[in-house]
Structure formats: C-alpha cells, structure tokens
> 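Could you have a look at this structure, given as structure tokens, before my questions?
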Amino acid sequence: MVVIPVALSGRSYDVIIERGVLADLAVVAAGYLASYTKSGRKVPFVADTNTHSIFHEAVEASLAAANVAIDWFVVEPGEGAKSWRVLEQLTDWLLALGVTRSDHVFALGGGIVGDLTGFACAVTKRGCGFVQLPTTLLAQVDSSVGGKTAINTGAGKNLIGAFHQPSAVLIDPIVLDSLPDREMRAGYAEVLKYGLLGDAAFFDWLSGNGSAVLAREPEALEHAIATSIAAKARIVAEDERETTGVRALLNLGHTFGHALEAETGFSDRLLHGEAVGTGMALAARYSAHRGEMPEEDAARAVTAIGDSGLTARLSDLDLSCDGAKLVQHMLHDKKMETGTLPFLLLKGIGKAYLARDVDLGDVATFLDAELAGS
Ligand code: GLY
C-alpha cells in the first residue's frame with residue numbers, strides 16, 4: 001500500500017494506492033462507513049452506467065462483509081452528467097436519503113462522476129463528506145485529488161463549482177485493466193504533464209517506461225500513479241485555491257488544449273486528456289519558437305507525446321479552422337484573467353512557468369503554421 005498525504009490546514013487527507021482496494025473497501029474505508037454501520041442506513045454511491053455495471057458486484061460484496069448495503073445513483077456516461085439538472089436530482093436524492101454533514105458519499109467513476117459528486121457534496125447541507133474511488137487513469141492521477149469540483153453550463157465547462165476536498169482518495173490500479181486503451185492514453189497525457197512541468201527525472205523515467213505504464217504493468221503503473229499524485233499533492237498543499245500561480249502549473253497544455261476541445265465541440269472526437277497531450281506539444285513548440293526552450297527539449301517533449309500514441313502534431317488533427325479561431329476559444333477559457341491570457345510555457349523539460357506577456361497575434365501566427373504542418 002502506498003499512502004500519499006495531501007497536507008492542507010484542517011482538511012488534510014490521504015490518497016491510498018493499493019491493488020484490490022475496491023474489494024477491500026469495508027476495511028480500508030471503515031472510518032467513512034461508520035455512520036452507516038451504526039444507523040443501518042444504506043451508503044450513497046454515485047457511479048455512471050459503465051462503472052456501475054463493471055464494479056457494483058465487487059463493491060457490494062465488499063461492503064456486505066461489514067453488513068452495509070449501498071444505494072446507487074447512476075448517471076449516463078459523459079459530460080451531460082455535469083449539469084444543473086443532474087446536480088438537482090443528485091442533491092434531492094441525497095437529501096431524501098437524509099445525508100448529514102458527517103456522512104460520506106462515495107464517487108465511483110472517472111472525473112465526471114468525481115466532479116459532480118464532489119460539487120453535490122460541497123453544497124448539500126453546506127458541505128458533507130465524500131470519498132473518491134477513481135476508475136480512470138486521468139481521475140487517479142489528477143481530477144480526484146485536490147478538491148476541484150464543478151458542473152458545466154451554457155457559458156462553458158467547470159464554470160460553476162467549488163473547492164471541496166474529499167476525505168480520502170482510494171485508488172485501485174486493477175480497475176484500469178478494464179479501461180479502454182484510448183482512455184488510458186488520455187490519462188497518460190496528465191502523467192507526462194508532471195514530468196514536463198517539474199520533474200525532469202520522472203520525464204526521463206517515462207521515456208523508458210511509458211509503454212509499460214500504458215500496458216498496465218503493475219510496478220511501472222503504480223510508480224507512475226504514485227509519482228504523479230505526490231507531485232499534485234505538493235502543488236495543492238502549496239496553493240490549494242490556485243491563487244499564487246503554483247497550482248496554475250497543473251494547467252500545462254490546457255490553454256492550447258482547451259481551444260482544441262472547444263473547436264471539436266467538447267466531443268468524443270478529442271478527449272480532454274488527448275487535447276492536453278497535443279496542447280503540451282504546442283506549449284513546448286511555442287516555448288521553443290519564443291526562444292525560451294531549447295529546440296532539443298521541445299523535440300523530446302513532442303516525441304514522448306507522440307510515442308505514447310497521443311497526437312503530437314496539430315496538423316494531424318485535421319481541423320478546419322485558423323489560428324485566430326483557436327485563440328478566440330482560449331479567450332473564453334475560465335483561466336483568463338482580466339486583460340491578459342496567462343500561458344503555461346516551458347524553459348526546458350521539468351521547467352514550466354506562467355508567462356503573462358504572450359502576444360496573442362503571435363500565438364495565432366504560430367498556430368497557423370502548426371495547422372499547416374510547417
Ligand atoms: N486539474 C488541475 C487542478 O487540479 O488544478
């Protein structure tokens with residue numbers, strides 16, 4: 001078992017990585033189940049139809065051993081679940097169950113289930129507890145840790161939300177065995193991100209071991225997950241609410257990536273992690289274009305992204321837009337501060353920094369060349 005503490009004043013919690021933790025939930029999560037075991041009430045679990053169908057038997061069997069039953073709230077897979085409508089249904093359901101502030105709700109799924117459940121728990125009775133059981137690589141290494149919770153609205157993604165930390169994150173690497181390869185690669189983009197943004201040694205390790213991680217070889221996979229979470233825990237502990245610029249480093253590749261997601265309609269055509277992968281390649285190449293990142297380092301970043309099966313060259317996405325349109329999408333990103341568009345750029349592998357002096361006309365011209373493959 002690997003235990004990584006997320007140290008936050010009054011809100012500290014552990015991320016536990018252990019093969020088989022889902023089957024052992026009654027023991028590992030005993031503290032979060034206590035209010036139900038005492039009262040005989042059912043435990044609220046939120047899942048999507050996929051995670052419910054794959055994991056419900058194992059989880060129910062595990063809790064049955066502790067004489068606890070589960071009440072399920074199951075949503076359709078996809079971003080549609082992060083809506084006011086589903087949030088209202090979920091919070092009504094939690095209230096009908098009589099959830100109290102000292103209870104815990106369990107989120108069994110990827111980032112969508114985690115974000116929705118976390119936000120519902122942030123606002124139900126002004127804040128009840130929740131436990132993240134992430135079932136995708138992306139959720140395990142990024143979205144389940146750090147307390148960002150949100151839903152989407154017509155104005156954009158994740159614009160309504162709250163910082164609400166989970167009480168625990170329980171990661172079972174075995175669940176990734178049933179994850180489609182495409183989702184695995186999308187999550188791997190966020191793993192590569194930690195190397196690129198601040199850990200050159202991890203980036204080097206991934207260059208030699210990335211294929212083992214993607215093949216879900218247990219030792220490599222667990223090392224990649226643990227190293228990623230340790231990096232995220234350090235960053236979140238330093239800047240929980242993204243006010244000092246430290247947590248913003250986690251957005252490496254996201255400004256370019258957001259534009260690509262918007263251009264492809266936030267659809268299955270480009271998953272979030274895939275957009276981050278291409279976005280990080282663009283951030284590296286744009287940093288080299290500005291003369292800030294050695295060309296050789298930018299080429300290594302692009303190669304690592306491409307070698308993992310992610311799209312490293314913008315021209316390979318076959319978009320029918322120009323650079324100015326992509327810049328327009330960036331301007332609608334919530335991370336924009338008044339009058340400026342901060343960009344996460346690189347001075348080398350493992351050396352991300354927040355640039356506030358980026359000329360958007362220059363970005364559009366750069367993107368025109370990238371779209372043309374020149
Ligand atoms: N996923 C970026 C963050 O948690 O800040």
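Given the structure is predicted, the values throughout are model-derived calculations rather than measurements. We count ligands from 1, going down the list as the structure has it; atoms in each ligand are counted the same way.
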> State plainly whether the residues Glu190 and Lys193 are in salt-bridge range, i.e. N to O under 4.0 Å.
yes
> Are any side-chain N or O atoms of Thr278 and backbone N or O atoms of Glu274, one a donor and one an acceptor, separated by less than 3.5 Å?
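Flag set: sc Thr278 to bb Glu274 pair under 3.5 Å.
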> Can Tyr353 and Glu292 be said to form a side-chain hydrogen bond (donor to acceptor under 3.5 Å, both in side chains), step by step?
CA-CA 11 Å; Tyr353 79 103; Glu292 284 166 344; 2.5 Å; yes
> Do Tyr32 and Phe130 have ring centroids that are under 6.0 Å from one another?
no
> Which protein N or O atoms sit under 3.5 Å from any N or O of ligand 1? Give atom names and distances.
from: ligand 1; atom 1: 1 (N); to: Asp142; atom 2: OD1; distance (Å): 3.1
from: ligand 1; atom 1: 1 (N); to: Asp142; atom 2: OD2; distance (Å): 3.1
from: ligand 1; atom 1: 4 (O); to: Lys232; atom 2: NZ; distance (Å): 2.5
from: ligand 1; atom 1: 4 (O); to: Arg247; atom 2: NH2; distance (Å): 2.8
from: ligand 1; atom 1: 5 (O); to: Lys148; atom 2: NZ; distance (Å): 3.0
from: ligand 1; atom 1: 5 (O); to: Arg247; atom 2: NE; distance (Å): 2.7
from: ligand 1; atom 1: 5 (O); to: Arg247; atom 2: NH2; distance (Å): 3.3

> Kindly write out the residues that satisfy ring pair (Phe, Tyr, Trp, His ring centres under 6.0 Å) with His52, not counting sequence neighbours, or none if the list is empty.
His56, Trp72
> Can Asn251 and Glu242 be counted as having a side-chain donor-acceptor contact under 3.5 angstrom?
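Yes, Glu242 and Asn251 have a side-chain donor paired with an acceptor closer than 3.5 Å.
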